[in-house]
Amino acid sequence: QVQLVESGGGLVQAGGSLRLSCAASGRTFSRYAMGWLRQAPGKERELVTSINLSGGTRYYADSVKGRFTISRDNAKNTVYLQMNSLKPEDTAVYYCAAVFKDTRDYAVPLLADFRSWGQGTQVTVSS
């Protein structure tokens with residue numbers, strides 16, 4: 001099973017940017033579709049964005065479209081989340097997530113599809 005470790009969270013003012021990274025263990029990273037979830041206090045965990053095996057297809061929640069970008073580097077076993085124009089409502093713990101895929105399955109995963117998660121990294125956006 002893949003192990004995921006997030007980094008890059010922190011405190012930022014509204015309008016600022018952060019870049020999250022998620023390092024995955026193992027030699028089969030290219031067989032995992034990846035995503036970023038978040039959970040704010042008192043709210044359910046939600047899918048922010050996901051990316052398929054090839055990186056050619058991405059999903060974004062409406063709340064982050066045009067502001068967040070997911071990318072992956074299979075050579076480095078890493079997935080990134082670039083977050084721009086941050087808003088106070090983006091404040092949450094952000095989790096990296098993964099799901100093992102058949103090599104011919106290029107669909108982007110949705111929330112219920114994920115099977116592995118990291119420990120999370122806190123993102124706080126001040127107004």
Side-chain angles (χ1 to χ4, degrees):
Q1 188 171 354
V2 66
Q3 303 298 315
L4 305 171
V5 179
E6 305 95 337
S7 61
L11 173 64
V12 64
Q13 288 188 334
S17 298
L18 281 175
R19 188 195 196 202
L20 305 184
S21 299
C22 172
S25 64
R27 297 176 293 177
T28 58
F29 178 73
S30 62
R31 296 288 302 277
Y32 286 87
M34 304 296 296
W36 289 94
L37 318 179
R38 70 184 180 187
Q39 187 165 20
K43 295 187 177 182
E44 294 188 353
R45 191 171 293 190
E46 63 173 341
L47 175 62
V48 176
T49 178
S50 59
I51 189 168
N52 71 345
L53 295 181
S54 68
T57 303
R58 299 168 175 84
Y59 162 86
Y60 293 99
D62 288 343
S63 58
V64 306
K65 282 181 181 177
R67 300 188 298 121
F68 290 11
T69 303
I70 188 171
S71 61
R72 64 187 300 158
D73 186 337
N74 287 348
K76 295 183 178 180
N77 283 14
T78 301
V79 63
Y80 304 98
L81 180 62
Q82 178 66 43
M83 304 186 293
N84 299 328
S85 302
L86 282 161
K87 304 176 181 180
E89 51 264 44
D90 295 317
T91 295
V93 178
Y94 283 72
Y95 299 90
C96 179
V99 57
F100 190 81
K101 288 284 195 175
D102 184 275
T103 54
R104 295 167 293 180
D105 184 353
Y106 287 96
V108 284
L110 299 179
L111 182 61
D113 296 326
F114 290 105
R115 293 295 179 263
S116 300
W117 301 266
Q119 292 299 307
T121 185
Q122 177 70 46
V123 171
T124 303
V125 184
S126 63
S127 58

**Student:** Minimum heavy-atom separation for N84 to S17, with atom names?
**Tutor:**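 Residues N84 and S17, closest heavy atoms: OD1-OG, 2.9 Å.
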**Student:** Grab the two heavy atoms, one from L11 and one from S126, that are nearest each other, plus how far apart they are.
**Tutor:**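 What the structure gives for the nearest pair is CD1-CB, 4.3 Å.
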**Student:** Hey, is the main chain of A40 close enough, under 3.5 Å, to the side chain of R45 for a donor-acceptor pair?
**Tutor:**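 Looks like no, no N/O pair under 3.5 Å.
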**Student:** Minimum heavy-atom separation for D113 and L110, please, with both atom names.
**Tutor:**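 Heavy atoms of D113 and L110 come nearest at OD2-N, 2.7 Å.
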**Student:** How many angstroms lie between CD in E44 and CG in L111, if you round to the nearest 0.5 Å?
**Tutor:**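 E44 atom CD to L111 atom CG measures 9.0 Å (nearest 0.5 Å).
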**Student:** With no hydrogens and no angle check, just 3.5 Å: does a side-chain donor-acceptor pair link E89 and T91?
**Tutor:** no
**Student:** When hydrophobic residues are tied together by side-chain contacts of less than 4.5 Å, even through go-betweens, does V108 share a cluster with W36?
**Tutor:** no
**Student:** E6 and G118: which non-hydrogen atoms are nearest, and at how many Å?
**Tutor:**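 Heavy atoms only, the tightest pair is OE2-CA, 3.2 Å.
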**Student:** According to ring pair (Phe, Tyr, Trp, His ring centres under 6.0 Å), does anything in residues 47-95 pair up with another residue at least two apart or in another chain? List the pairs.
**Tutor:**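 As it turns out, there is no ring pair (Phe, Tyr, Trp, His ring centres under 6.0 Å) pair with a partner in residues 47-95 once direct neighbours are skipped.
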**Student:** So, does S25 use its side chain to make a donor-acceptor pair with the main chain of Q3 at under 3.5 Å?
**Tutor:**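 Confirmed, S25 side chain pairs with Q3 backbone.
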**Student:** Quick one: does D105's side chain have a donor or acceptor within less than 3.5 Å of a partner on D102's backbone?
**Tutor:**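 Judged by distance alone, no pair lies under 3.5 Å.
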**Student:** Given the rule in the side chain to side chain contact (heavy atoms under 4.5 Å, CB included) test, do E46 and Q39 qualify, once you have shown the distances and angles that lead to the verdict?
**Tutor:** CA-CA 6 Å; E46 63 173 341; Q39 187 165 20; over 6 Å; no
**Student:** Treating Ile, Leu, Val, Met, Phe, Trp and Tyr as nodes and any side-chain heavy-atom pair under 4.5 angstrom as an edge, say whether V125 and M83 lie in one connected cluster.
**Tutor:** yes
**Student:** Restricting to non-hydrogen atoms, name the atom on S30 and the atom on R72 that form the minimum distance, rounded to 0.1 Å.
**Tutor:** CA-NH2, 4.0 Å
**Student:** With side chain to side chain contact (heavy atoms under 4.5 Å, CB included) as the criterion, how do V12 and T124 come out once you've worked through the C-alpha distance, each side chain's angles and the decisive distance to 0.1 Å?
**Tutor:** CA-CA 6 Å; V12 64; T124 303; over 6 Å; no
**Student:** For the residue pair P109 and V99, what are the closest heavy atoms and their distance?
**Tutor:** CB-CG1, 3.8 Å
**Student:** Using 0.5 Å steps for rounding, measure from the CE atom of M34 to the OG1 atom of T49.
**Tutor:**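 The CE atom of M34 sits 11.5 Å away from the OG1 atom of T49.
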**Student:** R104 side chain to K101 main-chain N or O, any donor-acceptor pair under 3.5 Å?
**Tutor:**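 It does not hold such a pair.
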**Student:** Could you give the distance from OG1 (T103) to CG (L53), rounded to the nearest 0.5 Å?
**Tutor:** 8.0 Å
**Student:** If you measure from CG on L81 to CD1 on I51, what distance do you get to the nearest 0.5 Å?
**Tutor:** 10.5 Å
**Student:** Between K87 and D90, does at least one N-O distance fall below 4.0 Å, as a salt bridge requires?
**Tutor:** no
**Student:** Going by the ring pair (Phe, Tyr, Trp, His ring centres under 6.0 Å) test, which pairs reach into residues 100-127, not counting sequence neighbours?
**Tutor:**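 For residues 100-127: Y32-F100.
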**Student:** Just by distance, do the side chain of R58 and the backbone of S50 share a donor-acceptor pair under 3.5 Å?
**Tutor:** no
**Student:** So, S116 and Q1: side-chain donor and acceptor under 3.5 Å apart, yes or no?
**Tutor:**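 S116 vs Q1: donor-acceptor pair found between side chains.
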**Student:** Would you say V79 and V5 are hydrophobically clustered, going by side-chain heavy atoms of ILVMFWY under 4.5 Å?
**Tutor:** no
**Student:** Taking N52 for the side chain and T57 for the main chain, is one N or O donor matched with an acceptor at less than 3.5 Å?
**Tutor:** yes
**Student:** Do L47 and V123 share a hydrophobic cluster (ILVMFWY, side-chain heavy atoms under 4.5 Å, transitive)?
**Tutor:**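 No: no chain of side-chain contacts under 4.5 Å links L47 to V123.
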